[in-house]
Engineer: 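One structure follows; several queries about it will come next.
Keep in mind that this is a model prediction, so the values were computed, not measured. Just so you know, residue 1 is the first one in the sequence shown, and it goes up from there.
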Amino acid sequence: MLSNKRIQELELVMEFEKVEECFKEVSSWIENVGRKRLKETINLDDSLEMLLQAQKQFKEFDLVASEYCKRGQEALKKMNQWEDFFFVDVHSYRVKLQTYGDQLEEFCTQLDETRHRVCETVRLYEFFDKVRQGICCTEEGVKS
């Protein structure tokens, strides 16, 4: 029985090493590309035209970022089986897994919040643009 547990533990360690490569790639992308791009969307431009351009660029980034989030989440799911093992030997792997999971969750949350903020900002600017056009048309009608 002890031998079977050790074999399972070794199999999990080997699986973790495969998954860790995926996490390293996702983590590196988040730190080197993802966070920087999210920071770029903090200050959105003042004109509707520039805002629509920023939204288009964000959508392109969002597709790539969402794919990285998905890959990271799938890797986390693969490692859910670690929950059943409480051996001291796998504790360090669980700690690494938790660190990767926390980083991924934080980034995905920031991505969702930024997506929502960009969308809402565009909607607000479009609304104000329609109001402005309506006021201009009304003023022209009153002058005539």
Engineer: Looking at E15 and K78, is there a salt bridge between them, counting it only when a charged N and a carboxylate O are closer than 4.0 Å?
Structural biologist: no

Engineer: Check this for me: E60, atom CD, are more than 12 non-hydrogen atoms of other residues, nucleotides or ligands nearer than 6.0 Å?
Structural biologist: yes

Engineer: How about C108 and Q73: do any of their side-chain heavy atoms sit closer than 4.5 Å?
Structural biologist: yes

Engineer: Is the shortest heavy-atom distance from the side chain of E21 to the side chain of E25 under 4.5 Å?
Structural biologist: no

Engineer: Is it the case that the side chains of E31 and Q103 hold a donor-acceptor pair, with the cut-off being a distance below 3.5 Å and no angle test?
Structural biologist: yes

Engineer: Can you check side chain to side chain contact (heavy atoms under 4.5 Å, CB included) on T99 and F23, steps first, answer last?
Structural biologist: CA-CA 10 Å; T99 302; F23 276 127; over 6 Å; no

Engineer: For Q57 and R37, which I'm curious about, is there any donor-acceptor pair between the side chains at under 3.5 Å?
Structural biologist: no

Engineer: Any chance you could measure S66, atom OG, to D112, atom CG, to the nearest 0.5 Å?
Structural biologist: 7.5 Å

Engineer: Rounded to the nearest 0.5 Å, what separates atom CD in E74 from atom SG in C69?
Structural biologist: 11.5 Å

Engineer: Grouping I, L, V, M, F, W and Y whenever their side-chain heavy atoms are under 4.5 Å apart, do I135 and F128 come out in a common cluster?
Structural biologist: yes

Engineer: Can you tell me if T41 uses its side chain to pair, donor with acceptor, with the backbone of L38 under 3.5 Å?
Structural biologist: yes

Engineer: What pair of heavy atoms forms the shortest contact from V26 to G72, and how long is it?
Structural biologist: CG2-N, 4.2 Å

Engineer: Is it true that a side-chain atom of N32 and a backbone atom of S28 form a donor plus acceptor pair closer than 3.5 Å?
Structural biologist: yes

Engineer: Quick one: closest heavy-atom pair of Y68 and L104, and the distance?
Structural biologist: O-CD1, 4.4 Å

Engineer: Between V122 and L48, which heavy-atom pair has the shortest distance, and what is it?
Structural biologist: O-CD1, 4.3 Å

Engineer: May I ask you to say whether D62 pairs ionically with K59, meaning some side-chain N is under 4.0 Å from a carboxylate O?
Structural biologist: no

Engineer: Under 4.5 Å between side-chain heavy atoms, counting indirect links through other Ile/Leu/Val/Met/Phe/Trp/Tyr residues: same cluster for V19 and L10 or not?
Structural biologist: no

Engineer: Angle between ring planes, W29 versus F61, binned at 30° and 60°: parallel, tilted or perpendicular?
Structural biologist: parallel

Engineer: Kindly give the heavy-atom pair with the smallest separation between F58 and R115, and that separation in Å.
Structural biologist: CE2-CA, 3.5 Å

Engineer: Between R117 and E120, does at least one N-O distance fall below 4.0 Å, as a salt bridge requires?
Structural biologist: no

Engineer: How many angstroms lie between atom CG of L51 and atom CZ of R123, to the nearest 0.5 angstrom?
Structural biologist: 13.0 Å

Engineer: Strictly below 4.0 Å, N to O, side chains only: are E40 and R35 in salt-bridge contact?
Structural biologist: no

Engineer: Of all heavy-atom pairs between A65 and L111, which one has the smallest distance, and what is that distance?
Structural biologist: CB-CD2, 3.7 Å

